[in-house]
Protein chains: 2
Amino acid sequence: MNAAEETTGEDTPWGEVNPEAARRLLVAAVDAFAERGYHATTTRDIAGRAGMSPAALYIHFKTKEELLHRISKIGHERALYVLDSEADRDGTAAERLAGAVRSFVRWHAERHTTARVVQYELDALGEEHRTEIVALRRRSDAVVRRIIGEGVRDGEFDVPDVPGTTLAVLSLCIDVARWFNAQGSRTPDEVGELYADLVLRMVGARAASGQK
Amino acid sequence: MNAAEETTGEDTPWGEVNPEAARRLLVAAVDAFAERGYHATTTRDIAGRAGMSPAALYIHFKTKEELLHRISKIGHERALYVLDSEADRDGTAAERLAGAVRSFVRWHAERHTTARVVQYELDALGEEHRTEIVALRRRSDAVVRRIIGEGVRDGEFDVPDVPGTTLAVLSLCIDVARWFNAQGSRTPDEVGELYADLVLRMVGARAASGQK
DNA sequence: ACAACCCCTAAGCGCTTGCTCAGGTTCGGG
DNA sequence: CCCGAACCTGAGCAAGCGCTTAGGGGTTGT
């Protein structure tokens, strides 16, 4: 009924999480999980970072695991959206693959705290939640595999092992979340550019954007 | 004084860990850490897997963290050794790079439980131990960077960004520990072969091992 | 025979963990 | 002016944590 949302919800990083207090807790949890890992983070630490008492957490989330689940789900959906929207453009397979890798990597670098939680705390989820998330991840795999497959079909790419190469491409992108450091010398854009080029080489793209 | 070691110490996976009871505990810890992560693993769980009481652990190791440190140190040394011995062969830069990647990846796949602990539990180490391990990791980086640099110098490779490409190559190899599954369809040898080929493409190797 | 030694266990200590609950504050609507 | 809903806190519980301690068996050297 209330038509005015407290915060927009689509462009802001965690805008879909309401009310504001819940969002503060969730952001605090992302930071803490990324820094120390899920199991090494206490609910007191999360509440403390959000400027609340430990009990406040349980008004907005049933358990600590639900917090992780919401982070993981939203994070995966965002990453998949980023990948998908580049894959759906039109253009050669090489252009679409480069675009997808560039955006996906940039997302992992820019949002590397979120990405770290999303990519490396899967095992901390409960059975049910984990299988839900794994399904989302399979869709990322399918997106990349499709582009590579089309490139091969059109004679643009030279790839002996499509599933294997797909795996390697995604693995390369995901691992950015592990090593990327905001204080480091590379910007997310630079890393995205570098990785897009490397991936085009991996698939043996004939004419990388025209000629060469 | 006792000249006969209980176990040889060089070829067996954890042969250098003595006495046998300590090795059993350490192997149990590797399994547990790889499965659940360091912080989610209890000392009771480790001792239980080794068939001992919780107190037995503290006869052989001062703390739970010391266990992780010994695992991490030995693991890094082994991985570095694998990388180094391929890099020191003679041959073209492409041959050496391919050999190094093949062996390094094979190690991460075969020993993926150990590798997972080694690569993803660095933050759980204490300040002092972590800086010691980080030094070892920098040496791996130097090894790969040297080969790529030599390949560029000799005109074998076409690499615009040597440090960046080095980072990507190592990142690709390391991430094998995360996704590799012994029940999966690929053998460690196959993954090593695939990755060696992909890396040669990344560096724009002119003549990949002569012809083909 | 027996003391010295190593390796192990049963019991448990002090502390932190995830989580609960009774109660208090704030605020819009009747 | 008061009500009920939404939100938060202080205090604390049961369980589980890393680790310690006292002591018991087996093997060894003398």
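Each chain gets a letter, A, B and so on, in the order the sequences are listed, and its residues count up from 1. No hydrogens, no waters, no symmetry mates; every other heavy atom, side chains included, goes into these values. Keep in mind the model is a prediction, meaning the values are calculated, not measured.
A:Leu57 places its CG atom 14 Å from the C1' atom of D:dT9, with the value rounded to the nearest Å. Per the geometry, CG belonging to A:Leu68 stands 15 Å off C1' belonging to C:dG18, to the nearest Å. If you measure from atom CD1 of B:Ile59 to atom P of D:dC19, you get 14 Å, rounded to the nearest angstrom. Rounded to a whole Å, the OH atom of A:Tyr58 is 11 Å from the P atom of C:dT17. When rounded to the nearest whole Å, the span between NE2 of A:His39 and P of D:dC17 equals 12 Å. Taking atom NZ of residue A:Lys62 and atom C1' of nucleotide C:dC19, one finds them 14 Å apart after rounding to whole Å. The distance from atom CZ of B:Phe61 to atom C1' of D:dC19 is 15 Å, rounded to the nearest whole Å. At whole-Å resolution of the value, NZ in B:Lys64 and C1' in D:dT20 are 17 Å apart.
Taking the six-membered ring for Trp and thresholds of 30 and 60 degrees, B:Tyr195 and B:Trp179 have ring planes inclined between 30 and 60 degrees apart.
No cation-pi contact links A:Lys64 to A:Tyr58, judged by a cut-off of 6.0 Å to the six-membered ring centre and 45° from its axis.
As judged by a 4.0 angstrom heavy-atom cut-off over every strand, B:Thr42 is placed among residues touching the sugar-phosphate backbone only.
In the set C:dC8, C:dC19, D:dG18, D:dG18 carries the atom at the smallest distance from any side-chain atom of B:Thr43. Which of D:dC8, C:dC19, D:dT21 sits closest to the side chain of B:Ala55 comes down to D:dT21. Comparing C:dC19, C:dC8, D:dC7 by their closest approach to the side chain of A:Thr63 singles out C:dC19.
Salt-bridge annotation for A:Asp123 and B:Arg36: absent, with no side-chain N of the basic residue lying under 4.0 Å from a carboxylate O of the acidic one.
A:Glu16 pairs in a side chain to side chain donor-acceptor pair (under 3.5 Å) with only one of the listed residues (A:Arg23, A:Arg70, A:Arg78), which is A:Arg78.
In the interface, the side chain of A:Arg44 is paired with the base of C:dG18 through a donor and an acceptor atom under 3.5 Å apart.
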